[in-house]
Amino acid sequence: MIPFLDLHSVNSRFHEQFETAFREVLDSGYFILSDKVEAFEKQFASFCGVRHCIGVGNGLDALRLILEGYKALGRLQEGQEVLVASNTFIATILAIKQAGMKPVLVETQFEGFNFKLEALESAISENTAAIMPVHLYGQLANMASINQLAAKHSLLVIEDAAQAHGAKDESGHRAGSLAEAAGFSFYPAKNLGALGDAGAITTNDDDLAKMVRKLRNYGGSQKYVSDEVGINSRLDVLQAVFLGIKLGALDEDNDARRKIAARYLSEIKNKKVVLPMYNGSEDHVFHLFVVRVADRSHFRAYLEAEGVGSLIHYPIAPHEQKAFPEFADISFPVAERLHREVVSLPISPVMTPEQVETVISVVNRY
């Protein structure tokens, strides 16, 4: 069986370094916001090409804290609208709602699984305050066009970069540096994955960074002194050191993913399987390799019978989730079709050439 993702093999490459780092943390006696968290924050900020990285508990909190930070700074207000693609993971929308703002869903497109730019501009209203593009599946959104549109209407842009660690635009700028701020998730399955929950915020905004550092730690700039109404969402020290170890291999791992994707794109030749769009650049890190198949259930059953794992990202469109009754009367035909048809094939830096060949052969026989 070729698993969809073999996390044991992904992480076993670092076991010796993990064990050494674990002992160092254990012996230090410091487990919350120590110098080791600061070291990873500096390391990841440098990697992304920004001045600040603030480690937090998870990717959802990262996005929420950016919004809360801008509210505390007076640049956003409760009840204002944030535009977001209609086919994102539910966490993007939860962050907006938890920050007391209103998510406005925008129709997507089949190519690139991201904003339809005409629909994005049409969705802007007098109450719109921000745009939250999602680099879905590891492919950068069209940030140049989005930033241009945002500037025209004086809107903030906040990247949901949870799946795009290391992706670069044509100028070589990485995800996390392409807007006012960005939220990252280090969920174990991500390209840069922790061994538990973890997240981070990146930004060049000095005021936002200062505010978010307070908000993640009960709203205080020092112990037992609260300046703001904050939350408890701090990057765990152990996760910080594990992530720092793995960050050194991220670019190489992303290259390995792109090479597998290139093989899939050139060698899978089955009219029943719609392949994703990719221009061959570094703007895609292939967190996921997502195809579309009309009869998804049949296709996945076939893959399973042939020993190839798969997953669905994601089976239910956000506006069809019971958690969001306010969207019940809205229809997004493209997003709905995507959520009916998408299937994620195995892709990871530890896949062998033989496993890749098997996946290609199995898909072509479908």
Side-chain angles (χ1 to χ4, degrees), residues 56 58-73 75-109 112-137 141-143 145-147 149-150 153-164 178-185 199 201 208 212 215 231 233 313-339:
V56 297
N58 53 70
L60 169 58
D61 284 353
L63 295 174
R64 177 187 171 186
L65 283 167
I66 293 169
L67 296 171
E68 297 284 11
Y70 277 127
K71 282 171 57 185
L73 293 169
R75 296 189 63 185
L76 293 175
Q77 296 177 18
E78 192 156 327
Q80 288 183 313
E81 297 173 352
V82 180
L83 306 184
V84 63
S86 57
N87 65 321
T88 184
F89 179 54
I90 197 171
T92 318
I93 299 166
L94 289 174
I96 298 168
K97 288 179 68 71
Q98 288 176 6
M101 303 189 73
K102 181 181 179 181
V104 175
L105 304 185
V106 178
E107 182 65 293
T108 187
Q109 56 186 0
F113 305 111
N114 218 301
F115 280 132
K116 187 175 182 180
L117 292 173
E118 298 86 352
L120 180 62
E121 184 159 24
S122 297
I124 296 173
S125 74
E126 292 183 356
N127 197 37
T128 304
I131 303 173
M132 190 175 283
V134 183
H135 305 316
L136 197 66
Y137 306 146
N142 187 344
M143 294 304 296
S145 296
I146 292 170
N147 283 327
L149 182 62
H153 295 274
S154 300
L155 306 176
L156 288 173
V157 180
I158 299 162
E159 298 173 72
D160 181 340
Q163 301 182 0
L178 305 176
E180 277 82 6
F184 284 89
S185 166
I201 294 161
L208 178 67
V212 168
L215 293 175
I231 63 173
S233 183
H313 299 87
Y314 302 97
I316 304 174
H319 67 281
E320 297 179 320
Q321 297 277 6
K322 290 183 179 179
F324 303 135
E326 65 268 36
F327 300 140
D329 297 327
I330 303 175
S331 178
F332 296 100
V334 175
E336 290 160 16
R337 183 172 174 184
L338 287 174
H339 285 265

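In this chain, residues are counted from 1 in sequence order.
A donor-acceptor contact shorter than 3.5 Å is absent between the side chain of Glu81 and the backbone of Lys102. No side-chain donor-acceptor contact under 3.5 Å links Glu121 to the backbone of Leu149. Under a 3.5 Å cut-off, the side chain of Asp160 and the backbone N or O of Leu136 do not form any donor-acceptor pair. A donor-acceptor contact shorter than 3.5 Å links the side chain of Asn147 to the backbone of Leu178.
Contact annotation: the side chain of Ile146 approaches that of Leu117 to within less than 4.5 Å [non-hydrogen atoms, C-beta and beyond]. Considering only heavy atoms from C-beta on, Leu60 comes within 4.5 Å of Gln98 through its side chain. Between Val82 and Val104 the shortest side-chain heavy-atom distance does not fall below 4.5 Å. In this structure the side chain of Met101 reaches within 4.5 angstrom of the side chain of Leu76, judged on heavy atoms. Contact check for Phe324 versus Leu94: side-chain heavy atoms found under the 4.5 Å cut-off. The shortest distance between side-chain heavy atoms of Leu63 and Met132 falls below 4.5 Å. Contact check for Thr108 versus Phe332: no side-chain heavy atoms found under the 4.5 Å cut-off.
With values rounded to the nearest 0.5 angstrom, His319 atom NE2 is found 12.0 Å from Glu326 atom CD. Considering CZ of Phe115 and CG of Asn142, their distance stands at 11.0 Å, rounded to 0.5 Å. For the atom pair Gln321 CD and Ile90 CD1, the distance stands at 4.5 Å (nearest 0.5 Å). To the nearest 0.5 angstrom, Ser331 atom OG is 4.0 Å from Glu336 atom CD. Here CD of Gln163 is found 9.0 Å from CZ of Phe89. Values are rounded to the nearest 0.5 Å. Between the OH atom in Tyr314 and the NE2 atom in His339 there is a gap of 9.0 Å [rounded to 0.5 Å].
In terms of heavy atoms, Ile96 sits closest to Pro103 at CG2-N, 3.5 Å. Considering all non-hydrogen atoms of both residues, Leu208 and Ile66 come closest at CD1-O, 3.9 Å. Here the shortest heavy-atom pairing between Ala141 and Pro133 reads CB-CB, 4.0 Å. Across Val212 and Gly69, no two heavy atoms sit closer than the pair CG2-CA, 4.5 Å. In terms of heavy atoms, Ala129 sits closest to Gln80 at CB-OE1, 3.3 Å. Considering every non-hydrogen atom in both Ala179 and Met143, the closest pair reads CB-CE, 4.1 Å.
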Verdict with supporting geometry, Ile201 and Leu65, side-chain contact (heavy atoms from CB on, under 4.5 Å): CA-CA 8 Å; Ile201 294 161; Leu65 283 167; 3.8 Å; yes
Worked verdict on Ile93 versus Leu105 for side-chain contact (heavy atoms from CB on, under 4.5 Å): CA-CA 9 Å; Ile93 299 166; Leu105 304 185; 3.7 Å; yes
Intermediate values then yes/no, side-chain contact (heavy atoms from CB on, under 4.5 Å), Arg75 and Leu156: CA-CA 9 Å; Arg75 296 189 63 185; Leu156 288 173; 3.1 Å; yes
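Legend: residues meeting salt bridge (charged side-chain N to carboxylate O under 4.0 Å, His left out) with Lys71, ordered by chain and number and at least two apart, are Glu68, Glu78. With sequence neighbours left out, the ring-ring contact (aromatic ring centres under 6.0 Å, His included) criterion links His313 to Phe4. Under the side-chain hydrogen bond (donor to acceptor under 3.5 Å, both in side chains) criterion, Ser185 pairs with no residue at all, not counting sequence neighbours.
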